[in-house]
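Residue numbers start from 1 in every chain, and the chains themselves are labelled A, B, ... in the order their sequence lines are given, proteins ahead of strands. Excluded from the calculations below are hydrogen atoms, water molecules and symmetry mates; all remaining heavy atoms, backbone and side chain alike, are included.
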Protein chains: 2
Amino acid sequence: MRNRPIPEATVARLPVYLRALLEVAEARGELTVSSEELAGMAGVNAAKVRKDLSYLGSYGTRGVGYDVEYLLYQITRELGLTQDWPAAIIGIGNLGRALASYRGFSERGFRIAALFDVDDGVVGEEVGGIAVRHLDELKESVVDQGISIGIIATPPMAAQEVAEKLVDAGVKSILNFAPAVVNVPPDVSVRKVDLSIELQILSFYQQRTQAIATAREANRRLGVRPPA
Amino acid sequence: MRNRPIPEATVARLPVYLRALLEVAEARGELTVSSEELAGMAGVNAAKVRKDLSYLGSYGTRGVGYDVEYLLYQITRELGLTQDWPAAIIGIGNLGRALASYRGFSERGFRIAALFDVDDGVVGEEVGGIAVRHLDELKESVVDQGISIGIIATPPMAAQEVAEKLVDAGVKSILNFAPAVVNVPPDVSVRKVDLSIELQILSFYQQRTQAIATAREANRRLGVRPPA
DNA sequence: TAGATTGTTAATCGATTAACAATC
DNA sequence: TAGATTGTTAATCGATTAACAATC
């Protein structure tokens, strides 16, 4: 099934399959991989893997599996990773610094091309081999360096303003680490990573787990047996 | 509607409403807030807000809206944020350090209670006011300090082993920053934050945006008019 | 009462999954 | 051919949304 828009849920899993395939390719020996194996590595079930991959086209062989190299290439291409998307980080605080020196980005083919801040104590400093520039130079830098991804690592108050500057400079993809919702035109993609929210969601499930454990303990004391 | 399990999608949005409500409460003046306002701040639609909040119980007043303070309390309680869930970070590299000194956690009520690494060059060092201990002391520390959340910030190779140690120590909630899938028993919750995967997904949408722009440009040149 | 806004229903949409025919 | 595994169908499930009666 070609040329149908790929579901969002599938897009979100493609990078997971990609990583699993890279692992298989590294381990060598195996030239093909089954949906069952891939599912195990990705932590999903095999039907989902096959359905997801079917959106890219019919790249498997019945009775055999998927050619590792070929599938790697197809997913890489589908995700747009064959192209260079230089990124800029705005807000060079603790988090911005960690992101700027995060090895994982360059390993996965993403190039941090510029850093920005508004604090004169930070502007000019070199972080991870790149000099921090003033936010006022954002637009110029985006155009000159062909930056296509903006990574917001500012305090929440500044996030919306920075997002607007990025949009004004022509950036169409934003990764937002600031604990704030930013509003952008519909042709701009924003993904939000909020560390505190992740912990808060975890807190909910932790509480639930504990409630279950407490109930079980109460039942045990009362001599209630759980259903077989 | 009480005592129905709250949908996962709703749980994931509660922290967003919480943040919006905190903003409203800070701005004062307004003692109540409508689903419409809340939706605007959270970046969702009003029907979703009302549906989500209805899972917590009927805490709104028709024709008036939601009492800000009361709703704040209910969401806080529902998420388990009235309790103390001490967290430990394992892997004190760049990311681990950033997380250890991340203000957002303490602001949102999460306490980083312990840090662990296996590198003798790092063990003993103090990061964000806490001495890094050796991973071998994990279990002891988890029990002594009542740690209930484990934050994995190790290289991918170590992630599974660390997850098992956490589970063995009795931890039921794990936040995994390592670019690897970890397998845990079904009673343990894992949330995964993968910075590279976020960028890869963004790359897909960036590519799509660009493809659309290119197609539009081609149409323009050919004199094709978009449908009104 | 008139206006505002919730809580809930029901329709719709999208994602998941088991099952199996197709086919290597 | 027999065994293995894909690709696709169809059933099911869960999430979203518009609409509106209930009610402040």
Can you tell me the distance, in whole Å, between the CG atom of Asn45(A) and the P atom of dA15(C)?
-> 15 Å
Is any NZ, NE, NH1 or NH2 atom of the basic residue among Arg19(A) and Glu23(A) found under 4.0 Å from an Asp or Glu carboxylate oxygen of the other?
-> no
OP1 or OP2 of dT16(D) sitting under 4.0 Å from any side-chain N/O of Arg13(B)?
-> yes
Nearest-Å distance, CG (Leu38(B)) to P (dT5(C))?
-> 13 Å
Around atom CD of Gln83(A), are there more than 12 heavy atoms of other residues, nucleotides or ligands at under 6.0 Å?
-> yes
Shortest non-hydrogen separation from Phe204(A) to Glu78(B) and the atoms involved | CD1-O, 3.2 Å
Contact nearer the 5' end of DNA chain D, comparing Ala47(B) with Gly65(A) | Gly65(A)
Is Glu36(A) touching bases, backbone alone, or none of the nucleic acid, heavy atoms closer than 4.0 Å?
-> nothing
Give a yes/no answer on whether the side chain of Tyr55(B) brings an N or O atom under 4.0 Å of OP1 or OP2 in dT8(C).
-> no
Minimal heavy-atom distance between Asp194(B) and Pro179(B), with the atoms involved, is OD2-CA, 3.5 Å
Rounded to whole Å, the OH-C1' distance (Tyr66(B) to dC24(D)) equals 13 Å
Do any side-chain nitrogens or oxygens of Tyr59(A) fall under 4.0 Å of OP1 or OP2 in dT5(D)?
-> no
d(CD, Glu37(A); P, dA4(D)) in whole Å | 14 Å
Could you tell me the separation between the NZ atom of Lys51(A) and the C1' atom of dG14(C), rounded to a whole number of Å?
-> 11 Å
Heavy atoms of other groups near Glu36(A) CD, more than 12 under 6.0 Å = no
dT5(D) P sits how many Å from Leu53(A) CG, rounded?
-> 15 Å
Do Arg62(A) side-chain and dT6(D) base share a donor-acceptor contact under 3.5 Å?
-> yes
Heavy atoms from other residues, nucleotides or ligands near CD of Glu217(A) exceed 12 (cutoff 6.0 Å) | yes
Inter-residue atom distance Glu198(B).CD - Ile151(A).CD1, 0.5 Å rounding | 11.0 Å
Contact class for Ser35(A) (heavy atom, under 4.0 Å): base, sugar-phosphate, or nothing?
-> sugar-phosphate
Atom CD1 of Ile6(A) to atom P of dA15(C): distance rounded to whole Å?
-> 12 Å
Shortest non-hydrogen pair, Leu81(A) vs Ser203(B), comes out as CD2-OG, 3.6 Å
Looking at every strand, decide which applies to Ala9(B) at a 4.0 Å heavy-atom threshold: base, sugar-phosphate, or nothing.
-> sugar-phosphate
Pull out every residue in residues 197-206 of chain A that has a heavy atom closer than 4.0 Å to any atom of DNA chain C, ordered by number, or say none.
-> none
Closer to the 5' end of DNA chain C via nearest nucleotide, is it Ser34(B) or Lys48(A)?
-> Ser34(B)
Five pairs at each end of the helix from dG3(C)-dC24(D) to dC24(C)-dG3(D): take the axis at both ends and give me the angle between them to 10°.
-> 10°
Check the distance between dA15(D)'s P and Glu8(B)'s CD and give it to me in whole angstrom.
-> 7 Å
Least distance between heavy atoms, Ala25(B) atom then Glu69(B) atom = CB-OE2, 4.0 Å
Leu166(A) versus Ile90(A), closest heavy-atom pair with distance | CD2-CD1, 3.8 Å
Selection from dT17(C), dG7(C), dT8(D) that lies nearest to any side-chain heavy atom of Arg50(A) | dT8(D)
